Structures are given as structure tokens and as C-alpha cells.
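Have a look at the structure below before the remarks.
Order of appearance sets the numbers: ligands from 1, and atoms from 1 within every ligand. Numbering starts at 1 and runs along the sequence shown. Predicted model only: the values in this text are computed from it and were never measured.
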Amino acid sequence: MKDEKIRLYDKTFKPYIRHERILDAIDGVARELNADFNGCQDIPVILCVLNGSIPFTGELLQRIDFPCQVISIKMSSYQGTTSTGTVLNVMGLTDSVKGRRVIICEDIVDTGNTIVALKEMLLDKEGAAEVKICTLLLKPDVYDKPVKLDYVGMEIPNAFIVGFGLDYNELGRNIRDIYVIDDKMKYYILFGPPGAGKGTQAGAIAQKYNLKHISTGELLRAEIAAGTELGKQAKSLIDAGSLVPDSVVEGMIENAFDTVKNVDGFLLDGFPRNLTQAADLDKILAKRGEEVTAVVGLMIDDEMIYQRIRGRAVIEGRADDANDEIIANRIRTYHSQTEPLIDYYKKAGKYWEVDVDGGTIEENRARVLAKMDTIA
Ligand code: AMP
């Protein structure tokens, strides 16, 4: 099994149950079925519930050694007024099951609404003699029906999974292993010297991974523009290319963590900028039961920093881009205070680097997103 995470649409999934373990579970189910149906005189129906149980039923059939007929059905269900509360629409029941023994094959049972309604329907409406339920996976914490599940491959906690027939919006059914959603909040740090293109690339990254982009520089400039007390205090330091006090930026960061909703995480840009801020960030996240996910460094050399910032000065007119002396101070501040963070995060096994020295904005964006894909 690959150890890598995968992405399906907007969600990230991490490895959960390897193929070999799935097959072991199917071996177990097949052994029980073969024991129970050994020497049967009738021809039981294996009822494959499409599409999720295609891989399960396929593997199971190869292990079944009593005569059986396979029928595949597709179901849709909605809540209505029956004893189970679920009304079923069943397509593809191509042969009569009247008076016959039926084994329903499901990929997963969670609340059990559908499977229990299906069993009831097969017995009451279709006149089946006996209906057994066979499922590869069961979520016992969610299953709340009094109906016995006859054959269960594996019990799992209540988590959203894909692979081996299970899908997320129809994707992922073809994956050999089972993956579970990775729904921990993500805390990415977009790292690099001033002018490396963090602000330029941040939008695309934030959009792709549903992150909130937080640029401490931008937040501070907004405070200055709004003429707040904080802005007034920060202005002279910023204009000189020096750092503002740690407590100021950390307050802004914590505020964002507390208030931003409906995102999968954060993309921090311009924070942390020294070792104290990095250690404080670890503490802030630890309090929330979280941690830094990864640091992506965009690297350019000092000469390129001058070129980029001089170019930006013409477009954006930032006071701290105004002359080479201020730029030099920011580069010095970067090397002396910010660069040591590379080692800090390397030691934590969280540092990844992308070379953005050459290349157009689009090429560099593609490189950054490709790197993010390997760690997302
Ligand atoms: P930036 O837009 O990231 O280049 O930030 C512009 C300026 O804002 C910096 O040169 C600092 O003066 C200030 N600033 C931004 N982030 C921080 C931070 N994490 N710590 C201290 N000062 C910061």
C-alpha cells in the first residue's frame, strides 16, 4: 500500500485498511458462508447491491463453493412511512426470489436503514424464504436496528471512507485499499524571503485546499490604512523593514484561528518570522490539539529579492519597498531572524522546499501545487 494521502475533489484521504487485510476479512466471511450453505439443495441468490459492493461481491464469489445465482440490484431510498422509515426503489431484480434463500452483499452498513428495509421488502413483497445480510464493513456505533447482521467482515469506527467500492461522489471506487478522510485542520506555513512570491501564490493554494490565507503583513497594512492604534504603533517599524512585536502578530493569528469558519485549514504567510514566534505557534496549536502540518519554502537568492521588490514597488507602492536601504534591512532581518526557522522545521520533519528562482508565475505555481499535492 502506498503511504501517501490521496485527494478526491476537495477532500484529502489517508491510508486506512490495506488490500491484504480486506481480503483476509473476505476469506473469513466466505468461510462462514461456505459452512452454513455447505451441501445446500437449493440455489441461493447472492444479491450484489450496486455499485459499492462490486469489488466485495467479486472477491467473495471467487471463494464461495456452493451453487448460487448472482443478481445485481441498484437501490435508491428515501425517508417515508414504513416500519423502518425508509422507502426503497429497487432496480434490476431480474429474477424472482419467491421461496428462495437470499444473501444480500453490501459494502458497508452504517445506520442500516436501507439494508433493513431491503430485507423486509424481499421477505414481505418478494416472498423470499430467508434473507441473510452479509456486509464487508459495519459501523457498530451507528447501526441502530434490532435486525441481526449475519456476516460481517470487519467493524470500523464512524469515519468517512473511500476505496474498494466505496466512493466520494462516485470517485474512489477503483482504489485497491480503503482510505479514511483526513479531516484534521491543516496549518500550512508558506515560507520564504520577502519577494519570493508568497502573496502571489497564496491565493491559488488557499483555493485548491480550501484554506484561509492569512498574511500578517497584509493584516498589519490594513490596520495602518484604518488608522487604528495598533496600526499607528506598527507603522514606523514596518516602514523601516523591521519586525513588529511578537505579541501583536500572535494576537492577530489567534484571533483568526478563533473566528474563521468553514475552511479545512490555514495558510500562514509572513508568520512565524522568528524562533520565538515558531515556538509560540506550536503552543497556540497544542492548546487546540493541533499542530503545524507542513512548511513550504519558496526560495530565491538575495539578488532576485532586490529585483522582485523593486518591480513590486512600482506596482504596489508599499513604503517598505521604497528603497534599497529598507530592502537590505528586510533581507538582513530575514537571514538573521527568519531563516533559522528552516532548521527548526527540518528537525520536526515538516520542511519542504520549492525552487522558484527561475520560471514564470504560472510555472512556479504549478511547482508549488505539485509539492503541496504530495504533502496535502
Ligand atoms: P510582509 O508583507 O510579510 O512582507 O510583511 C511586511 C512587514 O510587516 C514586515 O516587514 C514586518 O515589519 C511586519 N510583519 C509581518 N509579519 C510579521 C511577523 N510575523 N512578525 C513581525 N513583523 C511582521
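- Of all heavy-atom pairs spanning Ile361 and Gln201, the tightest one is O-NE2, 3.2 Å.
- Under the 6.0 Å cut-off for aromatic ring centres, Tyr16 and Tyr179 do not qualify, their centroids lying 6.0 Å or more apart.
- Near ligand 1, heavy-atom contacts under 4.0 Å come from Thr216, Gly217, Leu220, Arg221, Ile238, Ser242, Leu243, Val244, Val249, Gly270, Phe271, Arg273, Gln277, Arg318, Asp320, Arg330.
- Clustering of Ile, Leu, Val, Met, Phe, Trp and Tyr side chains at separations under 4.5 Å places Leu50 together with Ile54.
- The side chain to side chain donor-acceptor pair (under 3.5 Å) check on Asp95 picks up Gln69, with sequence neighbours excluded.
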Would you tabulate the side-chain donor-acceptor contacts of residues 273-285 under 3.5 Å, counting partners in other chains and residues two or more places apart, or write 'none'?
{"from": "Arg273", "atom 1": "NH1", "to": "Gly270", "atom 2": "O", "distance (Å)": "3.0"}
{"from": "Asn274", "atom 1": "OD1", "to": "Thr276", "atom 2": "N", "distance (Å)": "3.1"}
{"from": "Asn274", "atom 1": "OD1", "to": "Gln277", "atom 2": "N", "distance (Å)": "2.7"}
{"from": "Asn274", "atom 1": "ND2", "to": "Asp246", "atom 2": "OD1", "distance (Å)": "3.0"}
{"from": "Gln277", "atom 1": "OE1", "to": "Arg273", "atom 2": "N", "distance (Å)": "2.8"}
{"from": "Gln277", "atom 1": "NE2", "to": "Asp246", "atom 2": "OD1", "distance (Å)": "2.9"}
{"from": "Asp282", "atom 1": "OD2", "to": "Tyr344", "atom 2": "OH", "distance (Å)": "2.4"}

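- In this structure, Phe37 and Phe66 have parallel ring planes: the angle between them is below the 30° cut-off, well short of the 60° mark.
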